[in-house]
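Inspection log for the structure reproduced underneath, given as structure tokens.
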Number of protein chains: 2
Amino acid sequence: MRRTTPSMPARLSASAFALFAQQGIDGVNLDQIAAHAGVTKGSLYWHFRSKHDLVKAACAHYYRTYQRRINEEITHLTDPAERLEHTLEVAVRTCLLDEANRVFTMEIFTLSVHDAEIRRGWQQFYDSVRAFYIGLVKAATLAGALRVGDPEQAVNLMLAAMEGIKLRALFEPDICSPAEEARVREGLRDILGLPPHHPAPLRARRPSRKSAIPIPAGMA
Amino acid sequence: MRRTTPSMPARLSASAFALFAQQGIDGVNLDQIAAHAGVTKGSLYWHFRSKHDLVKAACAHYYRTYQRRINEEITHLTDPAERLEHTLEVAVRTCLLDEANRVFTMEIFTLSVHDAEIRRGWQQFYDSVRAFYIGLVKAATLAGALRVGDPEQAVNLMLAAMEGIKLRALFEPDICSPAEEARVREGLRDILGLPPHHPAPLRARRPSRKSAIPIPAGMA
DNA sequence: CCCTCTCCATACTCGCCAGTATTTTCCGCC
DNA sequence: GGCGGAAAATACTGGCGAGTATGGAGAGGG
């Protein structure tokens, strides 16, 4: 499938992403990143002007990977509801359950506090994600597959919940374990107004009062 | 009210917190922190063994400040519902609307990813906060002031929403502007099952479908 | 009046790492 | 084959900042 071997800038971006996500941006130096990509720092500086440049490239790598994956996964689907459902499923798997992605976003968030350029980049990405979801929800609504008061509001709530879960996963890794995938996904589906995917959930839960972010009870 | 001038370790902790929250942990060096407290690095190292120690002290400063403020604010209240309501109000003002606190927690979260000790400290603090809220909710429920299915679940959802809002505030500062204080607070009250504080909200909103984290609509 | 202990200041070391300068290699091409 | 340029390696610089060594000042106290 892959036509050519990835270009050196692409490899370096990927290495930067991988190491940043593993040891933190400040915990990695340029020699390590270059080594990870199989070259040395001299070559790295041929392609990038500074570490800051590399951080931006790592972000771009993340954006590209995310968008490409979603596209690949739903491009063959035509039913609006299925498209929405599958997108959510992929997002949960890649954004929440993948620890590298969680850590990387965390790093970028903190960096964003003090770096307007990085912040604007992420903001743009985030806006595109939101717009994408809103489009999916509206399409699904038109097709009569779900009923939701305000699509924008619902999507915003769902995305905020995702961020909240991400954060909590830091302190309670079980929340985002593969074993919990179903519960997380169902919680988010619920927020978007989608019916439960498994008609009979694995674990009986009391008829929940309102939209509930699935957080394991046993943690105190 | 203040009996004695604060001890030097306390002043250093406070300075560390202030500067960390302003410029980030990696963006501040020990000379700056010492200078902010009116001493020099030599003295700093008399009280703390390392920068890591100082970070822990800054966290402890945050914990203390938070808990003391809440206590002071509700100690004179006896009605369970009022205690819960006032706690929420203070939390919104100090955790969400105060940018320094937002930035500091962000920094600590990222640090927590790679530092088990800091992580455990925060986890403990977080547990105590959750337990505190659950106690308040249960008391208010017993007093018949509110009806909520599962207090633990509601509190968890509310706290997760808080974190989500904090994160989004990074990219949309308006969310946590003083002007939005009321909306944020009402949204969280709603999650906890508390009735709206102002019977007639300033701005008419459609009868919300389910518990809605108040996120301004105009952002796309 | 000296001794010591606490607390704080000055001055220094030393390693790390982003960034730069200089070479070397590899290729396409005339 | 030798020329030129892209891409990579090697070797170096320079600054920053955590941590240390040391040197007082002041307070008690014997």
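Here the structure is a predicted model, which means the values were calculated and not measured. Lettering follows sequence order; numbering is per chain, from 1.
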### Task
Give the C-alpha distance, both sets of side-chain angles, the deciding distance and a yes or no for ring-ring contact (aromatic ring centres under 6.0 Å, His included) between Phe125(B) and Tyr66(B).
CA-CA 10 Å; Phe125(B) 168 65; Tyr66(B) 178 85; 5.4 Å; yes

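With salt bridges taken as basic N to acidic carboxylate O contacts below 4.0 Å, one links Glu181(A) and Arg185(A). For Glu186(B) and Arg183(B), the salt-bridge test fails: no basic side-chain N is under 4.0 Å from an acidic carboxylate O.
Looking at Tyr126(B) and Phe171(A), their side chains never come closer than 4.5 Å, going by heavy atoms from C-beta outward. The shortest side-chain heavy-atom distance between Asn101(B) and Phe17(B) falls under the 4.5 Å cut-off.
Between Gln32(A) atom CD and dC17(C) atom C1' there is a gap of 10 Å when expressed in whole angstrom units. Separating the CG atom of Asp31(B) from the C1' atom of dA11(C) is a distance of 12 Å, rounded to the nearest angstrom. When rounded to the nearest whole Å, the span between CZ of Phe48(A) and P of dA7(D) equals 13 Å. One atom, NZ of Lys51(B), and another, C1' of dC16(D), lie 11 Å apart when rounded to the nearest Å. One can place CG of Asp26(A) at 12 Å from P of dA18(D), the figure rounded to the nearest angstrom.
Taking all atoms of both residues into account, the shortest heavy-atom contact from Ile191(B) to Ala161(B) is CD1-CB, 3.8 Å.
Listed nucleotides dG19(D), dA8(D), dA18(C) differ in distance to Met8(A); the shortest reach to its side chain belongs to dA8(D).
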Protein-nucleic acid N or O pairs under 3.5 Å, nucleotides 24-26 of chain D:
none

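Atom CD of Gln67(B) has more than 12 neighbouring heavy atoms from other residues, nucleotides or ligands inside a 6.0 Å radius.
Side-chain contact, Ser13(A) with His61(A): no donor N or O sits under 3.5 Å from an acceptor N or O.
DNA chain D lies under 4.0 Å from at least one heavy atom of each of the following residues of residues 37-47 of chain B: Lys41(B), Tyr45(B).
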